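See below for the structure under consideration.
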Amino acid sequence: MLSKLKQPIRVRIAPSPTGFLHIGTARTALFNWLFAKKYGGAFVLRIEDTDLERSDSKYETDIIESLKWLGLEWDEGPLDADQRGLNADSRGKFTGEFGPYRQSERLEIYEKYIKKLLDEKLAYYCYCDKEELEAERQALLAQGFPPKYSGKCRSTSSRQVRLASKHQGKPQVIRFIVPEIKLTFKDLIRGDISFDTGLIGDIAIAKDLHTPLYNFAVVIDDFEMKISHVIRGEDHIANTPKQILIQKALGFSQPEYAHLPLILDPDRSKMSKRYSATSINEYKKEGYLSEALINFMVLLGWHPQDDKEIMSREELIEKFDLGRTQKAGAVFNVAKLEWINGQYIKSLTDEQLFERLEDFGVDTKNLPERQFLKIIALIKERMKTLSEFNSLADFFFKLPDYSPRLLIWKNASQEKILKNLEMVLALVPDKQKITALAEKEGRGEVLWPLRVALSGKEFSPGPLEIMDALGEKETIQRIAAAIQKLKS
Ligand code: GLU
């Protein structure tokens, strides 16, 4: 794993701001972050925003905010974040002063290297336009060949012809000459992976000197940022040989590679919005705790030797071993996420959960805090997400309308239930006496109507606990209202 021990461990997450932070990117960020923490290395955030048409600053903001919310802080970056207002953190947790690196702010660096490749005749201007390329592609496909660029503009003579052609010498892209070799690289998760680079064809590395494309910019940045390990999704495996060839052409050292398994939907297709939300902010909005998401995400492709499922961040750092990552796709199981979230909610103290609910936007001001804490204690066990608080606890704040029939326990008569409720009303708030009455008159006949009177619901916590949380006055009012319902 650490064959480059002499070299400092430096890893990165390199999202493109073309969408909200995706669960797959967040999982990749987590694996990189854990790897950096485990070996005392650095974790770098690089926003790959060279595709101006598809990039949007709202996505960049979301990526940054979501990473912070998850507690996946990056260790360095340009000191310009304050100016951009990107450092504010509502929970005050992230203390980093750094903005992310942005490729759009590094164009001069790429230009230098593009020029170098052009000067050394390792890259060339290509004048072919989209239509020509498409026709070429179709012709190859029709003959049963894999499509690749013919290399037409490689030779100077053809370029001269082009200078006089329909684009009046306006180059369309800059291409890198892809040598035809058998290339093998070692993947830390998958072992040796080989490619016949003769199938690739000369790749576009930039639209012009100021507009580098992904496979090129990524190589320059990984080198300039001294990235020791490139840990990213399996979908990038096919890019790796292209990147290695560019590294070789520029005389760069090669980082180690590890490609993480894809995240799959239950039908084993690539994760899509069809089954579950794909962006981190949606899980935040649904009331998942960031630590539960972290715990869930680490299990998407990795598990510790002891198969323990609930692990703190410290435990994760201690146990994490990139080499134990599975090769096969990891199925995203929402039920498991809910279960893990429920475990984390249960493990919070009532006071901590109160704070989380407040942060989440639950109105905690309409009852005294002491009473609110009692409600929390009553429903905590059943809460899977913070957003469930409202539906589980709504009746404490406002008695729902319910049918008088709900007050009747099994085959008991209405008169008996009415009598029992009247007796209970006279005993409030003495829980012992109410319990004694229930023992005497029948638990179902006393406690069921009392519970319904207090909750208005078919299912809820027990009546004596609800009484406690409601307080004496509200308890009396609700029982009186139930009696009224039975009488009318
Ligand atoms: N910008 C690329 C992406 O979002 C980064 C891939 C890489 O890590 O090299 O997929």
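The structure presented is a predicted model; accordingly, all values stated were derived computationally and were not measured.
In this structure, Y125 and Y127 have tilted ring planes: the angle between them lies in the 30° to 60° band. Taking the six-membered ring where the residue is Trp, F296 and F332 present perpendicular rings, their angle passing 60° and hence far from 30°. Between F372 and F354, the ring-plane angle classifies as perpendicular under the 30° and 60° cut-offs. Relative orientation of the Y214 and H236 rings is tilted, given thresholds of 30° and 60° on the angle between their planes.
Between I200 and Y149 there is no side-chain heavy-atom pair separated by less than 4.5 Å. Taking the side chain as every heavy atom from C-beta outward, L34 and R313 never approach each other to under 4.5 Å. Two residues are said to be in side-chain contact when any heavy atoms from C-beta on lie closer than 4.5 Å; L378 and F396 meet this criterion. Side chains of E318 and M311 form no contact here, defined as non-hydrogen atoms less than 4.5 Å apart. Within the 4.5 Å cutoff, side-chain heavy atoms of I294 are placed close to those of L72. No side-chain heavy atom of I64 sits under 4.5 Å from any side-chain heavy atom of Y59. Residues E73 and F43 form no side-chain contact, since every pair of their non-hydrogen atoms from C-beta on lies 4.5 Å or further apart. You'll find the side chain of P212 reaches within 4.5 Å of the side chain of L107, heavy atoms only.
In summary, E388 and R382 do not engage in a salt bridge, as defined by a charged side-chain N under 4.0 Å from a carboxylate O. Comment: E111 engages K115 in a salt bridge, judged by a side-chain N to carboxylate O separation of less than 4.0 angstrom. Checked for salt-bridge contact, K148 and E136 miss the test: no charged N lies under 4.0 Å from a carboxylate O. We find that K365 and E358 are joined by a salt bridge, their nearest charged nitrogen and carboxylate oxygen being less than 4.0 Å apart. Between D267 and R274 there is a salt bridge, with a side-chain nitrogen of the basic residue lying less than 4.0 Å from a carboxylate oxygen of the acidic one. A salt bridge links E291 to R356: at least one charged side-chain nitrogen sits closer than 4.0 Å to a carboxylate oxygen. Taking a cutoff of 4.0 Å between a charged side-chain nitrogen and a carboxylate oxygen, K319 and D306 qualify as a salt bridge. The pair D75-K37 counts as a salt bridge, with a side-chain nitrogen and a carboxylate oxygen less than 4.0 angstrom apart.
A donor-acceptor contact shorter than 3.5 Å links the side chain of E315 to the backbone of S312. In this structure, S57 contributes its side chain and E60 its backbone to no donor-acceptor pair below 3.5 Å. A side-chain donor-acceptor contact under 3.5 Å links N341 to the backbone of K384. The backbone N or O of A139 sits less than 3.5 Å from a side-chain atom of Q143, completing a donor-acceptor pair. Between the side chain of R10 and the backbone N or O of M225 there is at least one donor-acceptor pair closer than 3.5 Å. Looking only at distances, a side-chain donor or acceptor of Y283 sits under 3.5 Å from a matching main-chain atom of A277. Between the E65 side chain and the D62 main chain, no donor and acceptor come within less than 3.5 Å of each other. A donor-acceptor pair under 3.5 Å is absent between the side-chain atoms of S55 and the main chain of L52, judged by distance alone. With hydrogens and angles disregarded, a donor-acceptor distance shorter than 3.5 Å links the side chain of S387 to the backbone of E286.
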Are R54 and D51 close enough, and set up right, to give a salt bridge (Lys or Arg N to Asp or Glu O under 4.0 Å), and what steps lead you there? CA-CA 6 Å; R54 293 177 59 228; D51 184 344; 3.6 Å; yes
Verdict with reasoning, K327 to D187, per salt bridge (Lys or Arg N to Asp or Glu O under 4.0 Å): CA-CA 11 Å; K327 297 186 193 71; D187 185 286; over 6 Å; no
Applying salt bridge (Lys or Arg N to Asp or Glu O under 4.0 Å), run through E108 and K112 and close with a yes or a no. CA-CA 6 Å; E108 280 163 28; K112 183 178 91 186; over 6 Å; no
Between R232 and T25, is a side-chain hydrogen bond (donor to acceptor under 3.5 Å, both in side chains) present by the stated rule, with each step listed? CA-CA 8 Å; R232 60 184 172 193; T25 313; over 6 Å; no
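More than 12 heavy atoms of other residues, nucleotides or ligands lie within 6.0 Å of CD in E120, so this atom counts as buried by the packing criterion. Few gaps surround NZ on K374; more than 12 heavy atoms of other groups in view lie less than 6.0 Å from it. Shown here is K116, whose NZ atom has more than 12 heavy atoms of other residues, nucleotides or ligands within 6.0 Å. Atom NZ of K207 sits in a sparse spot, with 12 or fewer heavy atoms from other residues, nucleotides or ligands closer than 6.0 Å.
Defined by atom type and a distance below 3.5 Å, a donor-acceptor pair is present between the side-chain atoms of D265 and S272. E224 and Y101 form no side-chain donor-acceptor contact under 3.5 Å, judged by distance and modelled atom types alone. At a cut-off of 3.5 Å, with distance as the only test, a side-chain donor of Q243 or N215 sits close to an acceptor on the other residue. Side-chain atoms of R190 and H259 form no donor-acceptor pair, as typed in the model, at a separation below 3.5 Å. Side chain to side chain, S16 and T18 fail the donor-acceptor criterion of an N or O pair below 3.5 Å. E282 and S279 share a side-chain donor-acceptor pair at under 3.5 Å. Looking at D49 and S104, their side chains do bring a donor and an acceptor atom within 3.5 Å of each other. Defined by atom type and a distance below 3.5 Å, a donor-acceptor pair is present between the side-chain atoms of Y344 and N295.
Under the side-chain contact (heavy atoms from CB on, under 4.5 Å) criterion, L141 pairs with R137, Q138, P147, sequence neighbours left out.
In this structure, OG1 on T364 lies 8.0 Å from CG on L357, to the nearest 0.5 angstrom. Taking CG from L213 and CD from E48, the interatomic distance works out to 11.5 Å, rounded to the nearest 0.5 Å. The line from OG1 of T197 to CD1 of I203 is 10.5 Å long, rounded to the nearest 0.5 Å. In this structure, H22 NE2 and N281 CG are separated by 11.5 Å, a value rounded to the nearest 0.5 Å. With values rounded to the nearest 0.5 angstrom, L293 atom CG is found 5.0 Å from W69 atom CH2. To the nearest 0.5 Å, atom NZ of residue K186 and atom CG of residue D192 are 8.0 Å apart.
Checked against the 6.0 Å centroid threshold, F35 and F320 do not count as a close aromatic pair. Between F216 and F176, the ring center distance fails the sub-6.0 Å criterion. In this structure, F252 has its ring center closer than 6.0 angstrom to the ring center of Y113.
Checked options L21, I47, L45; the residue passing with I13 is L45 (criterion: side chain to side chain contact (heavy atoms under 4.5 Å, CB included)).
Pairs of residues two or more places apart, or lying in two chains, never qualify as salt bridge (charged side-chain N to carboxylate O under 4.0 Å, His left out) while including a residue from residues 239-253.
No cation-pi contact links R46 to W74, judged by a cut-off of 6.0 Å to the six-membered ring centre and 45° from its axis.
Across all their heavy atoms, D350 and A377 have their closest contact at OD2-CB, 3.4 Å. Nearest heavy-atom pair, Q326 versus W302, reported as atom, atom and distance to 0.1 Å: OE1-N, 4.5 Å.
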